[in-house]
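First the structure, in the form of structure tokens, and then the observations on it.
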Protein chains: 2
Amino acid sequence: MVVYAGQGDPQRTMALLWRASTADPGRTTRGPKPALTVDAIVAAAIAVADESGLDGWSMRAVGERLGRTAMSLYTYVPTKRELIDLMYDQAHANLATPVAPSSGWRAEIECWAHDLLACYLRHPWLLQVSHARPVLGPHEQAVLESILRILDRTGLPARAIVSSLFSLVRGSAQSITETRSAATTTGTSDQEWWTLRGDLMRQLVPDFAERFPYSARLAKEPAPGNWEDQAGNAFTDGLAILLDGVESAASPT
Amino acid sequence: MVVYAGQGDPQRTMALLWRASTADPGRTTRGPKPALTVDAIVAAAIAVADESGLDGWSMRAVGERLGRTAMSLYTYVPTKRELIDLMYDQAHANLATPVAPSSGWRAEIECWAHDLLACYLRHPWLLQVSHARPVLGPHEQAVLESILRILDRTGLPARAIVSSLFSLVRGSAQSITETRSAATTTGTSDQEWWTLRGDLMRQLVPDFAERFPYSARLAKEPAPGNWEDQAGNAFTDGLAILLDGVESAASPT
DNA sequence: TGAAACTCCTTACGGCATAAGGTATTGTGT
DNA sequence: ACACAATACCTTATGCCGTAAGGAGTTTCA
């Protein structure tokens with residue numbers, strides 16, 4: 001359900017994450033050829049997580065997908081924790097980095113945010129990986145770099161903006177995957193599911209409207225599209241609000 | 001016995017969450033007096049989570065704190081999953097709801113956001129509770145209600161604003177607890193920790209500055225205060241930006 | 001031709017959620 | 001007064017989990 005970080009040796013994790021940059025110096029050629037690679041293991045691990053979430057994920061499950069035992073993975077990766085760090089970074093690899101050449105920084109930020117959102121929706125388990133300590137790998141670093149590059153031209157203070165953007169994207173992704181899994185795990189359409197939930201509430205909490213008048217009114221308000229669209233709209237609208245705020249800082253009245 | 005696959009039975013969870021509202025009808029008085037209450041169990045469970053995080057948390061640990069076995073808890077609560085839902089809602093109970101009477105909606109929102117942030121910092125495990133489906137209990141509902149009440153007077157569209165505020169607060173809380181635990185788990189001060197991390201990076205990725213020029217420049221920029229203050233500042237500043245955006249929607253130029 | 005270095009395996013341990021079923025305790029119906 | 005129903009709590013057991021320990025087979029170097 002929840003992956004929490006124990007310690008883990010940062011040096012070892014970092015070395016694995018950035019291993020492409022440096023030739024492995026300690027590698028001797030003795031012994032049988034490795035049948036697997038770290039990359040293959042990470043790919044298999046991501047596939048398992050994509051299919052069954054982090055709940056169904058385990059070292060045994062990853063090994064099985066590769067036709068190996070769980071223990072054989074420990075030849076390549078020190079612990080589960082490090083493997084998850086590698087998965088986390090690798091999942092940020094193909095983020096399109098589209099860079100609509102010079103359509104203005106606002107459009108570029110929107111594009112960046114939507115790409116990142118799409119990444120989280122492709123790999124919902126990313127949102128469950130707890131960062132007890134921030135471990136930046138090359139791919140996540142590249143995501144950060146690309147938004148910093150966009151912001152650089154605006155001359156705006158980057159820290160708060162970047163942090164807010166990440167929060168907004170992650171939060172929205174969480175909302176969207178929540179509504180998705182609410183629908184799939186119960187096997188009902190989201191419409192049905194929410195109707196059922198509403199009936200249950202009316203039965204359990206008949207005085208809901210008196211206790212929570214504003215919530216009740218909001219629930220009654222018609223909203224366009226299905227529930228997942230609504231969560232998506234909340235993202236688009238929220239991003240617009242945030243960028244309005246950024247613009248008002250960019251061009252002081 | 002019918003066991004719902006994977007997730008908990010929403011009906012049972014909701015009944016537990018909102019149980020104060022309805023008199024339990026099925027309760028007969030036969031058998032030994034219960035020595036525990038659901039409230040006591042939830043309180044103990046929260047205490048365990050506050051002390052040791054969700055990874056050190058288990059039904060056994062909660063039972064032990066109450067002088068019982070893990071299995072005795074199952075008399076009161078159907079599964080671990082439901083207990084965590086109850087903990088989650090209960091943790092939102094004492095949010096001050098300060099309501100500075102009429103200091104203007106912007107100040108009120110800021111107050112609300114800071115209270116919620118404080119709640120997340122008091123109970124960092126809240127951020128790790130995976131919302132496979134959104135389960136609103138009375139206390140979390142009250143938090144939602146209070147921000148809706150504030151926004152109601154402004155006449156602004158609530159959905160996107162509320163969603164953005166929650167994202168920003170949760171994301172910031174995560175950043176702050178990350179830097180905190182980075183310091184505590186390694187036993188070094190945050191200053192030392194980041195220096196060490198920097199040294200490691202320079203050694204493993206000597207061409208960092210060429211590959212990630214904007215990130216490198218940002219890292220070099222002086223920033224006030226320690227790292228936790230910085231994360232806190234990112235929250236305050238991000239909130240200001242977001243509220244600027246809200247204001248620009250409130251008063252169209 | 002060893003010996004070293006390496007991959008991968010089996011086995012085992014302690015911890016987890018929780019199913020199954022036993023026992024003691026309390027009330028109800030007679 | 002007494003059987004019995006209903007309940008709280010316990011012990012035990014099952015099948016997961018991460019991973020420590022150590023063994024067997026494979027490849028290369030001295």
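Just so it is clear, the model here is predicted, and its values are computed rather than measured. When reading the values below, keep in mind they use all heavy atoms of this one structure, side chains included, and skip hydrogens, waters and symmetry mates. Lettering of chains follows the sequences in order, A, B, ..., and the numbering in each one begins at 1.
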Any chance you could lay out the side-chain contact (heavy atoms from CB on, under 4.5 Å) test for A:Ile84 and A:Trp57, step after step, and finish with the verdict? CA-CA 10 Å; A:Ile84 288 186; A:Trp57 191 94; 4.0 Å; yes
DNA chain C-proximal residues of residues 36-49 of chain B, any heavy atom under 4.0 Å: none
Taken to the nearest whole Å, CE/A:Met59 to P/C:dC9 is 13 Å
A:Trp57 CH2 to D:dC17 P, in whole Å, measures 11 Å
Any side-chain N or O of A:Thr69 below 4.0 angstrom from OP1/OP2 of C:dC8? no
Distance check needed: D:dT19 P versus A:Ile84 CD1, whole Å only. 10 Å
With the side chain defined as heavy atoms from C-beta on, A:Met71 is closest, among C:dT10, D:dG18, C:dT18, to C:dT10
Does a side-chain N or O from A:Tyr74 land closer than 4.0 Å to OP1 or OP2 of D:dA20, or not? no
Atom CG of B:Leu66 and atom P of D:dA8 are separated, to the nearest Å, by 15 Å
Is there a donor-acceptor pair closer than 3.5 Å between any side-chain N or O of B:Glu82 and the backbone N or O of B:Thr13? no
B:Tyr76 side chain to B:Leu36 backbone, donor-acceptor under 3.5 Å: yes
Between atom NZ in A:Lys80 and atom P in C:dG15, what is the gap in whole Å? 17 Å
Apply the test side-chain contact (heavy atoms from CB on, under 4.5 Å) to residues B:Leu116 and B:Phe166: give CA-CA distance (whole Å), side-chain angles for both, the deciding distance (0.1 Å), then the verdict. CA-CA 9 Å; B:Leu116 186 58; B:Phe166 267 106; 3.7 Å; yes
Between B:Val129 and B:Met87, does a side-chain contact (heavy atoms from CB on, under 4.5 Å) hold up when you go through it step by step? CA-CA 10 Å; B:Val129 173; B:Met87 292 163 63; over 6 Å; no
Does the ring centre of A:His114 sit less than 6.0 Å away from the ring centre of A:Phe235? yes
Would you say B:His123's side chain and B:Cys119's backbone share a donor-acceptor pair under 3.5 angstrom? no
Just the rounded figure in Å: distance from P of D:dC9 to OH of B:Tyr76. 3 Å
Tell me whether A:Thr177 contacts the main-chain N or O of A:Ala173 through its side chain, where contact means a donor paired with an acceptor under 3.5 Å. yes
Is it the case that the base of C:dG15 and the side chain of B:Arg60 share a donor-acceptor contact (distance under 3.5 Å, atom types as modelled)? no
Look for any protein N or O under 3.5 Å of an N or O in nucleotides 27-30 of chain D and output each such pair with its distance, or none.
from   : atom 1 : to      : atom 2 : distance (Å)
D:dT27 : O2     : A:Gly31 : N      : 3.2
D:dT28 : OP1    : A:Lys33 : NZ     : 3.1

Under 3.5 Å, is there a donor-acceptor pair between the A:Ser175 and A:Glu178 side chains? no
In this structure, how many angstroms lie between the P atom of C:dG15 and the CG atom of B:Asp55, rounded? 15 Å
A:Thr75, nearest nucleotide to its side chain (from D:dC10, C:dT7, C:dA17): C:dT7
Quick check on C:dC9: is either OP1 or OP2 less than 4.0 Å from any side-chain nitrogen or oxygen of A:Ser72? yes
Distance in angstrom units between A:Leu73 CG and D:dT19 P, rounded: 11 Å
